There are 2 protein chains.
Amino acid sequence: MAVPMSPKQKVYQEILQEIRKFIDHHDLKPGDKLPSERELADRLQAGRSSIREALRAMELLGLIETKHGEGTFISTYRPYQTVEILSSFILQGNGTKKDLLISKRIIEKECAKLAYKQLTEDDLQKMENLLTDSKMSDTERHTAFFTHLAVKTDNLLMQRIWQLMDEFSVTMPEQKLVDSFYVELVDIYKRNVYMEIENLFEKYTCS
Amino acid sequence: MAVPMSPKQKVYQEILQEIRKFIDHHDLKPGDKLPSERELADRLQAGRSSIREALRAMELLGLIETKHGEGTFISTYRPYQTVEILSSFILQGNGTKKDLLISKRIIEKECAKLAYKQLTEDDLQKMENLLTDSKMSDTERHTAFFTHLAVKTDNLLMQRIWQLMDEFSVTMPEQKLVDSFYVELVDIYKRNVYMEIENLFEKYTCS
DNA sequence: CACGCAAAGTGGTCAGACCACCCTTAACTT
DNA sequence: AAGTTAAGGGTGGTCTGACCACTTTGCGTG
């Protein structure tokens, strides 16, 4: 053969890369419109079916939204579909569940630490209000609590990682911690004792 | 109109449901073969392209594997592939370099802690050998060192997350730490003083 | 000016064609 | 007879073109 060719990556995977580049290059944000399937096919020198395979996959992952007769749009990342599909296929995860739980706790701990410096009095107040909000279930409260924390990390990547793990863990029990945990964490923030965050998680995690 | 019709669900989403039913009904397990695309199209009364859109989505989610010329197979569930795709989109921002660096250090720290219990004398020996291997660049040494550690975490998810971050950070400088760091870490393992891992990273990270 | 309907643009779906790849099998060579 | 090679059938990979359904646009008619 003459040309070794770039790795035998499938076309639709290259398309994924290209679309990512396109979004980056044009600085598209959630809500913005992508070129039409036909135009993408023309631009990327690929068949429309290949384009569609890539788009469907992205849609399933919640990265884009598609509106019949209108077009394809960047969506605010919501992996709800992903979670649903996955959980409908995986009834009983084996070692995956354990890994996920451990990893999630780790991320939560580090988010709590990263957020430490950024938290204001107002944040603390909001978080305390959350803890006494009786309209939420324990699970919802946990999610709301750490969502607030994750946002305050000032680290988008950590925030996204936590978000992703939280979405994936909805099907599992034991996501939340004992009530006293949250109270103690807020207390640590108030007392300004950074070093105790690590200990707090150690105490409540290794049960 | 006469028939309300099933909701305006797209064909490829119905296909997804049908395939799930098929797997369930035939009790297919990882490694088993799915019917060919053409047969599925025939059975489910759909076009082959619709079948493929569903299959590609499943493939991206890590639910199936396709082998050119052979067929489509149920795969052992690995959500980590999903994380990979998502990450490539999540990481496309600009301010993410700093985030990535911080996050990577965090993951490395936690990998070091998770691996603590699993490390054997032999592992320590190998790691020490790495540190004196002059055939590698500093960066390569860092990667090799933490690859070893990540594998030993006994947590596939953490392992994959670190791997991903490492791959993404190749384009960036300052991925490695000072030489003495690695030596001290191995020393901590030898001296069996778990608690000092946190301090070690604290010391070398907050520069 | 207001209304409505046709046209254009877009996603949704299908059918068929061709290629590349893998495996089996039959034919051929040694 | 045993080993090697060539051919065929099945499968995924991709492209093209066609048609439908939906939305928006805008032109023309009243």
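Order of the sequence lines sets the chain letters (A, B, ...), proteins ahead of strands, with each chain counted from 1. Because only heavy atoms are used, hydrogens play no part in the values below, and waters and symmetry mates are left out as well, while side chains stay in. Given the structure is predicted, the values throughout are model-derived calculations rather than measurements.
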Report yes if at least one side-chain N or O of [X] is closer than 4.0 Å to OP1 or OP2 of [N]; otherwise report no.
{"X": "B:Arg56", "N": "D:dG13", "result": "yes"}
{"X": "A:Arg52", "N": "C:dG12", "result": "yes"}
{"X": "A:Thr72", "N": "C:dG11", "result": "yes"}

Any A:Ile102 side-chain heavy atom under 4.5 Å of A:Ile106 side chain:
yes
Sugar-phosphate, base or nothing in reach of [X], heavy atoms under 4.0 Å:
{"X": "B:Gly69", "result": "base"}
{"X": "A:Ser49", "result": "base"}
{"X": "B:Ala46", "result": "sugar-phosphate"}

Just the rounded figure in Å: distance from [atom2] of [N] to [atom1] of [X].
{"X": "A:Ile51", "N": "D:dT14", "atom1": "CD1", "atom2": "P", "result": "11 Å"}
{"X": "A:Arg48", "N": "C:dG11", "atom1": "CZ", "atom2": "P", "result": "7 Å"}
{"X": "B:Leu55", "N": "D:dT14", "atom1": "CG", "atom2": "P", "result": "13 Å"}
{"X": "B:Asp42", "N": "D:dG12", "atom1": "CG", "atom2": "P", "result": "14 Å"}
{"X": "A:Leu44", "N": "D:dT14", "atom1": "CG", "atom2": "P", "result": "14 Å"}
{"X": "A:Gln13", "N": "D:dT14", "atom1": "CD", "atom2": "C1'", "result": "14 Å"}
{"X": "A:Tyr12", "N": "D:dT14", "atom1": "OH", "atom2": "P", "result": "9 Å"}
{"X": "B:Leu40", "N": "C:dT13", "atom1": "CG", "atom2": "C1'", "result": "17 Å"}

Nearest-nucleotide wise, let me know which of B:Glu37 and A:His68 is further upstream toward the 5' end of DNA chain D.
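The answer here is B:Glu37.
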Nearest heavy atom decides the nucleotide; on that basis, is A:Glu53 or B:Glu70 closer to the 5' end of DNA chain D?
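Taking each residue's closest nucleotide, the earlier one in sequence belongs to B:Glu70.
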Work out which heavy atom in A:Lys33 is nearest to a heavy atom in A:Glu70; give both atom names and the distance.
CE-O, 3.4 Å
Shortest non-hydrogen contact from A:Arg105 to A:His142?
NH2-CE1, 3.7 Å
Please work out which of the three classes, parallel, tilted or perpendicular, describes the rings of B:Trp162 and B:Phe146, given edges at 30° and 60°.
tilted
Hey, what do you get for CD (A:Gln13) to CG (B:Leu60), rounding to the nearest 0.5 Å?
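Here the rounded value is 7.0 Å.
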B:Arg38 side chain, from C-beta outward: closest of C:dT10, D:dG12, D:dT23
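Of all the options, the side chain of B:Arg38 is nearest to D:dG12.
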By nearest atom, which of the nucleotides C:dG12, D:dG13, C:dT10 is closest to the A:Lys33 side chain?
C:dT10
